[in-house]
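Below is one structure, written out as C-alpha cells; comments come after it.
Computation of the quantities below employed the complete heavy-atom set of this structure, encompassing side-chain atoms and omitting hydrogens, waters and symmetry-equivalent molecules. Naming: A, B, ... by sequence-line order, numbering from 1 per chain. Since the structure is predicted, the reported quantities are computational estimates derived from the model, not experimental observations.
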Amino acid sequence: MPLRFFNTYSRGVEEFEPRDPSARHICMYTCGPTVYSRAHIGNFRAYIFEDLLQRHLELRGYKVHRVMNITDVDDKTIRGTGEAGIPLRKFTEQFKQAFFEDADTLRIKRANEYPAATDQRYIDRMIEMISTLISKGLAYQAEDKSVYYRINKFPNYGKLAHFDLSQLQSTGRVKHDEYDKEHIGDFALWKAWDEEDGDVKWDSPWGPGRPGWHIECSAMSTALLGDQLDIHCGGVDNIFPHHEAEIAQSEGVTEKKFVRYWLHCAHLLVDGQKMAKSLGNFYTVPDVLAKGYTGRELRYALLRVHYRVPLNFTWDGMNEARESLGRIDEWLARLREVVGSARRADRTPRRGVPTSKFEEALDDDLNISAALGFLFESIRETNRAMDQNEMDAATANAWLDWWKRINTVLDLEAEFEIIVPPEVMQLAKERENARREKKWKRSDELREQISVLGWEVRDTKDGAKITRRGAA
RNA sequence: GGCGGGGUAGCCAAGUGGUAAGGUCGCGGUCUGCAAAACCGCUAUUCGCGGGUUCGAUUCCCGCCCCCGCCUCCA
C-alpha cells in the first residue's frame, strides 16, 4: 500500500510522491516554538506528530531533511524582554533551552536545523524577499512606515484555508492600524519600529523595524530547503493566517509551487477546550513530570490518538498510558527470557511470525490507533503462545526484532535496565525465606514493605521477581 | 455569518455497503499459600437524531442537533 497523507490544501487523502521520487530524499519544514515562555504540552503534541511523521518516513526508507524554526522575536517576546529588563537574546535563550530539554524528555528526534528568526543571515534574506515583493507590486509601504503584503494581488490567497477574502473580519485580537492598510487582510512583512519595541530593531530600506511573523518562515525554509518543499507541518491554528501568508510570500518571490503536502495537527484539549496560554488551561512537560509521570508516558499519551483528531488531555489518560506501557514492558521482558533460555517449544507456534500490518497502518495517513491495535493484538497472541509453551527462542527473537523495527517509530521502550536497590533485594530475600518456611503472614508483610518502597514482587515458577511499573 | 474538525461501550479509540479492532476500567474464571503478571470469558442488538437509497447503512444521500477550532502574529 502506498504512503498516503491528508493534504490540507486539497482537503483529501493523497498518495505521497516526493518532488524527487528517485532520490528518496524529502525536505520537511515544521513550525517551531515562539520562545517567550515555556512551551506547553499542547505545543508538544504537534511536535510529537511531526516526530512520528519523520520517523515513519525514515522507516519507509526516505531520508528526511527537517528544519524547525525558532521564533525569537515577536510582540510577546518583546513584551517579555521589556518586563524582565534583560536583552531579547538573553530572554529568549532560557525558553529555547527549556524547549530542547522538554523535546528530549519526550524523545522527539532533533531536526537537522533550528534556524532563529533574529539570525542576521535570515533578517537579510527577509529584507531581500520583501524588496522583491515590493518590486513586483505584491507589497507596499504604508503611511505607518510598515510594509504590508497586498493580498488582492495574489490570486491564490485564501486557497489553503478555503477562505473568501471578502468574508474576512477583524477579531480585534491584534493591534491594527487599519487605516494604513489597503485591505483589512493585508499582513505585515516588516513592522516599523515604535517606542514599545525598545532597542529591538534592525535597519532596513524602509527604516528601522522588525520582521513580521510570517516572513521568517518563508525566508528560512527556502534558504535551507530550497524554493519547493515536500512537506510543511504545523498545528491547525497555523493554517490561517500563517501558512496562507507563507504561500503568498514564498510563491510571490519564487513563482514556484511552495509546498507539495500540507499536514496539520489537531489541538490538544483540556476539559474539552483548546489548551492555550491565553486561556491559562495549560500544562508544561515539567508540570506533568511533577505529577510523577515520565516523559515516555506523556509521549505515549500524546502519540496514541490520530493527529487529525482533537485529543482531550486527562490524568486518566496518563494512567491509561502508564498501564499500556507496562503491558509492553512485561511482554518484552518475557520475550527476552524465552530468548535467553534458548527454550524449545512443546508445540509449533500457533502464530508464526510478525507481520507488516503495523507499518501499513501508518502508511494510511499515520493511523497510529490502528497500528497500536495490531501491536496489542500481537502482544496478546504471543503471550498466549508463551503461556502454553508454544514459543521457541527463534520465534521470540523474531518478535523482538519486529519490536525493534516498530520502536524506531514509537520510541517507547523503557530506557534503563531497572536496578533494584539493595534494601529491596534484602527484603525480597527475607521474604523468600519466610515463604520457604510457609510463614505466609510474614511473607505478606514483607511484600507490603517492598510495595511501599515502590516495587512489586511476584512469585513465578522460576522464583520471585521484582519489578516496577511506570519505568522511565 | 464564512470555513474546517469531531460525535462509536464507564473512559480513550480504530473501522467497514454485509452485521462493531485495540487500550483502559469493572466483573467472573485459570494459575497462586494469597497476590501479581499472563491467559480465558463477560461488558455497544448498536455507532448524535430524523428521513431516504439498498436485499442489507454505523458506513452512501438529504435534513437537523450538539461539541471544538480558525476567521490577521496561537502548535
Work out how far the [atom1] atom of [N] is from that of [M], and round it to whole angstrom.
{"N": "B:A9", "M": "B:G23", "atom1": "C1'", "answer": "13 Å"}
{"N": "B:C61", "M": "B:G17", "atom1": "C1'", "answer": "13 Å"}
{"N": "B:C3", "M": "B:G63", "atom1": "P", "answer": "13 Å"}
{"N": "B:G26", "M": "B:U43", "atom1": "C1'", "answer": "8 Å"}
{"N": "B:U58", "M": "B:U45", "atom1": "C1'", "answer": "13 Å"}
{"N": "B:G50", "M": "B:G22", "atom1": "C1'", "answer": "32 Å"}
{"N": "B:A37", "M": "B:C11", "atom1": "C1'", "answer": "24 Å"}
{"N": "B:U54", "M": "B:C60", "atom1": "C1'", "answer": "10 Å"}

Base of [N], side chain of [X] - is there a donor-acceptor contact under 3.5 Å?
{"X": "A:Arg447", "N": "B:A35", "value": "yes"}
{"X": "A:Asp459", "N": "B:C34", "value": "yes"}
{"X": "A:Lys274", "N": "B:C74", "value": "yes"}
{"X": "A:Asn367", "N": "B:G15", "value": "no"}
{"X": "A:Arg308", "N": "B:G6", "value": "no"}

Report yes or no: is the cationic atom of A:Lys291 (NZ for Lys, CZ for Arg) under 6.0 Å from the centre of the six-membered ring of A:Trp315, at an angle within 45° of the ring normal? yes
Geometric cation-pi criterion A:Lys277 and A:Tyr36, 6.0 Å radius, 45° cone: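 Because its charged atom sits under 6.0 Å from the ring centre and within 45° of the axis, A:Lys277 does stack over A:Tyr36.
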At 4.0 Å (heavy atoms only), tell me whether [X] reaches a base, stays on the sugar-phosphate, or touches nothing.
{"X": "A:Ile239", "value": "nothing"}
{"X": "A:Ser443", "value": "base"}
{"X": "A:Arg435", "value": "base"}
{"X": "A:Lys76", "value": "sugar-phosphate"}
{"X": "A:Gly42", "value": "base"}

Taking Watson-Crick and G-U wobble pairs with both distances under 3.5 Å, convert RNA chain B into its dot-bracket string, 5' to 3', dots for unpaired and | for cross-strand pairs. (((((((..(((.....[...))).(((((.......))))).....(((((..]....))))))))))))....
Choosing from B:G69, B:A37, B:U72, which nucleotide comes nearest the side chain of A:His267?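 Within the option list, the nearest is B:G69.
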Apply salt bridge (Lys or Arg N to Asp or Glu O under 4.0 Å) to A:Asp51 and A:Lys109, showing your working. CA-CA 6 Å; A:Asp51 185 58; A:Lys109 204 167 175 172; over 6 Å; no
Partners of A:Val305 by side-chain contact (heavy atoms from CB on, under 4.5 Å), sequence neighbours excluded?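 Checked A:Val305 against side-chain contact (heavy atoms from CB on, under 4.5 Å); matches are A:Arg45, A:Val309, A:Leu311.
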Detail all sub-3.5 Å separations between protein N/O atoms and N/O atoms belonging to nucleotides 20-22 of chain B.
residue : atom : partner  : partner atom : Å
B:A21   : O2'  : A:Glu377 : OE2          : 2.4
B:A21   : N1   : A:Ser369 : O            : 3.4

Figure out the CE/C1' separation between A:Met275 and B:C70, and round it to whole Å. 19 Å
Taking the basic N atoms (NZ, or NE/NH1/NH2) and the acidic carboxylate oxygens, is any pair closer than 4.0 Å for [X] and [Y]?
{"X": "A:Glu430", "Y": "A:Arg442", "value": "yes"}
{"X": "A:Arg38", "Y": "A:Glu101", "value": "yes"}
{"X": "A:Glu432", "Y": "A:Arg447", "value": "no"}
{"X": "A:Asp329", "Y": "A:Arg334", "value": "no"}

pair A:Thr467-A:Trp455: side-chain heavy atoms closer than 4.5 Å: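 Of all side-chain heavy-atom pairs linking A:Trp455 with A:Thr467, none is under 4.5 Å.
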Please lay out, stage by stage, how A:Asp75 and A:Arg210 fare under the test salt bridge (Lys or Arg N to Asp or Glu O under 4.0 Å). CA-CA 10 Å; A:Asp75 289 354; A:Arg210 60 187 165 98; 2.8 Å; yes
